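Start at 1 with the first residue, then count along the sequence. Please read all numbers here as calculations on a predicted model, not as lab measurements.
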Amino acid sequence: MRAVIQRVSHARVTIEGKIHGEIGKGLLILLGVCEDDTEAEAVYLADKCVGLRIFTDENDKMNLSPADIGGGLLVISQFTLYGDCKKGKRPNFMRAARPALAVPLYEKFLMRCRESGLPVACGEFGADMKVELLNDGPVTIIMDTEEMRGEKA
């Protein structure tokens with residue numbers, strides 16, 4: 001799984017012109033699911049995102065999590081995070097999981113985030129979404145469970 005996480009002052013997603021989900025201060029998480037991903041990775045990555053300390057404390061150090069600041073999460077499914085541009089100029093999305101695998105893992109990720117008690121908004125899997133955000137910092141972090149597997153031991 002891959003997540004592009006942005007610290008935001010606010011963010012929202014609209015579908016067919018209607019607001020589908022929005023948050024104030026918190027994290028916008030663009031989530032990509034790979035063909036090799038498992039439920040354990042969805043849980044692991046959700047826990048990492050929920051606990052991510054990228055909000056500044058009274059000493060201006062990145063030391064606070066979304067829970068510490070009363071923030072929310074906006075989670076958007078994004079298969080294009082697995083776009084492979086090694087050959088040519090048109091991305092290949094062959095490593096992105098098909099909906100039969102991706103939807104349950106996306107939903108597991110959402111469920112685990114909600115279990116944290118944080119407000120969680122989301123997009124709609126497979127929909128044409130418009131995402132608006134005000135990146136705070138800007139702060140953007142990329143996490144990939146494939147790269148993190150050695151850390152889980």
Side-chain angles (χ1 to χ4, degrees), residues 1-15 19-86 91 93 95-97 101-127 129-153:
M1 285 189 145
R2 279 190 188 143
V4 174
I5 302 142
Q6 296 181 300
R7 184 177 78 183
V8 298
S9 296
H10 60 84
R12 72 175 171 195
V13 58
T14 58
I15 300 172
I19 296 173
H20 192 278
E22 65 183 320
I23 61 168
K25 192 170 186 124
L27 300 177
L28 169 63
I29 303 169
L30 305 174
L31 184 69
V33 180
C34 173
E35 61 190 359
D36 300 328
D37 287 332
T38 65
E39 191 171 290
E41 287 172 316
V43 168
Y44 176 76
L45 189 57
D47 290 348
K48 291 286 277 189
C49 289
V50 165
L52 191 60
R53 299 181 339 179
I54 61 172
F55 295 93
T56 54
D57 63 16
E58 65 279 356
N59 298 315
D60 204 31
K61 300 288 183 204
M62 284 190 198
N63 203 28
L64 302 175
S65 71
D68 296 327
I69 59 118
L73 306 175
L74 175 58
V75 182
I76 306 294
S77 62
Q78 186 148 2
F79 78 93
T80 61
L81 293 181
Y82 278 98
D84 181 349
C85 298
K86 290 177 188 155
F93 300 105
R95 288 204 59 220
L101 174 64
V103 171
L105 292 179
Y106 171 69
E107 289 174 355
K108 181 66 176 182
F109 182 92
L110 287 171
M111 183 178 72
R112 185 66 173 201
C113 289
R114 289 183 174 120
E115 288 172 357
S116 74
L118 292 174
V120 178
C122 61
E124 181 180 311
F125 192 93
M129 298 176 275
K130 308 299 180 211
V131 180
E132 299 174 61
L133 68 133
L134 181 58
N135 192 319
D136 179 16
V139 175
T140 303
I141 305 290
I142 300 170
M143 288 191 213
D144 189 323
T145 56
E146 190 171 327
E147 295 172 3
M148 300 162 80
R149 284 187 183 125
E151 178 185 319
K152 289 194 263 186

Check whether any side-chain heavy atom of [X] sits under 4.5 Å from a side-chain heavy atom of [Y], and report yes or no.
| X | Y | result |
| --- | --- | --- |
| L52 | M143 | yes |
| R114 | C122 | yes |
| L133 | L74 | no |
| M129 | H20 | no |
| M62 | V139 | yes |

Task: Pairs satisfying ring-ring contact (aromatic ring centres under 6.0 Å, His included), at least one member in residues 46-75, at least two apart - done: none
[X] versus [Y], closest heavy-atom pair with distance:
| X | Y | result |
| --- | --- | --- |
| S77 | G126 | OG-N, 4.1 Å |
| L27 | C49 | CD1-O, 3.5 Å |
| I29 | A3 | CG2-CB, 4.0 Å |
| G123 | V13 | CA-CG1, 4.0 Å |
| I76 | L28 | CG1-CD1, 3.9 Å |

- [ ] State which residues pass side-chain hydrogen bond (donor to acceptor under 3.5 Å, both in side chains) with R53; sequence neighbours excluded, sorted by chain then number.
- [x]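 N63.
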Open item on the list: Tell me every residue that passes side-chain hydrogen bond (donor to acceptor under 3.5 Å, both in side chains) with D68, counting only those two or more places apart in sequence or in another chain.
Closed with: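 With sequence neighbours excluded, D68 shows a side-chain hydrogen bond (donor to acceptor under 3.5 Å, both in side chains) to S65, given in chain and number order.
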TODO: Please report the C-alpha distance between L73 and I23 in whole Å, then the side-chain angles of each, then the deciding distance to 0.1 Å, and finally whether the side chain to side chain contact (heavy atoms under 4.5 Å, CB included) criterion is met.
DONE: CA-CA 7 Å; L73 306 175; I23 61 168; 5.7 Å; no
- [ ] For T14 and I19, run side chain to side chain contact (heavy atoms under 4.5 Å, CB included): C-alpha distance rounded to whole Å, both residues' side-chain angles, the deciding distance at 0.1 Å, then the answer.
- [x] CA-CA 4 Å; T14 58; I19 296 173; 3.8 Å; yes
side-chain contact (heavy atoms from CB on, under 4.5 Å) involving [X] - partner list, sequence neighbours excluded:
| X | answer |
| --- | --- |
| E35 | R95 |
| D84 | K86, N92 |
| D60 | T56 |
| D37 | M1, V33, C34, E41, Y82, L105, T145, R149 |

- [ ] Give, for atom CE of M111 and atom CD of E39, the distance between the pair rounded to the nearest 0.5 Å.
- [x]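 Here the interatomic distance stands at 7.0 Å.
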Open item on the list: Distance check, rounded to the nearest 0.5 Å: F109 atom CZ versus L45 atom CG?
Closed with: 5.0 Å
For [X], all residues meeting salt bridge (Lys or Arg N to Asp or Glu O under 4.0 Å), sequence neighbours excluded:
| X | answer |
| --- | --- |
| E22 | none |
| D57 | none |
| E124 | none |

TODO: With sequence neighbours left out, write down each residue that passes ring pair (Phe, Tyr, Trp, His ring centres under 6.0 Å) with F79, or none if nothing qualifies.
DONE: F93
Open item on the list: Test: salt bridge (charged side-chain N to carboxylate O under 4.0 Å, His left out). Region: residues 129-145. Which pairs qualify, not counting sequence neighbours?
Closed with: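 Qualifying pairs, neighbours excluded: R2-D144, R7-D136, R12-E132, K25-D136, D128-K130.
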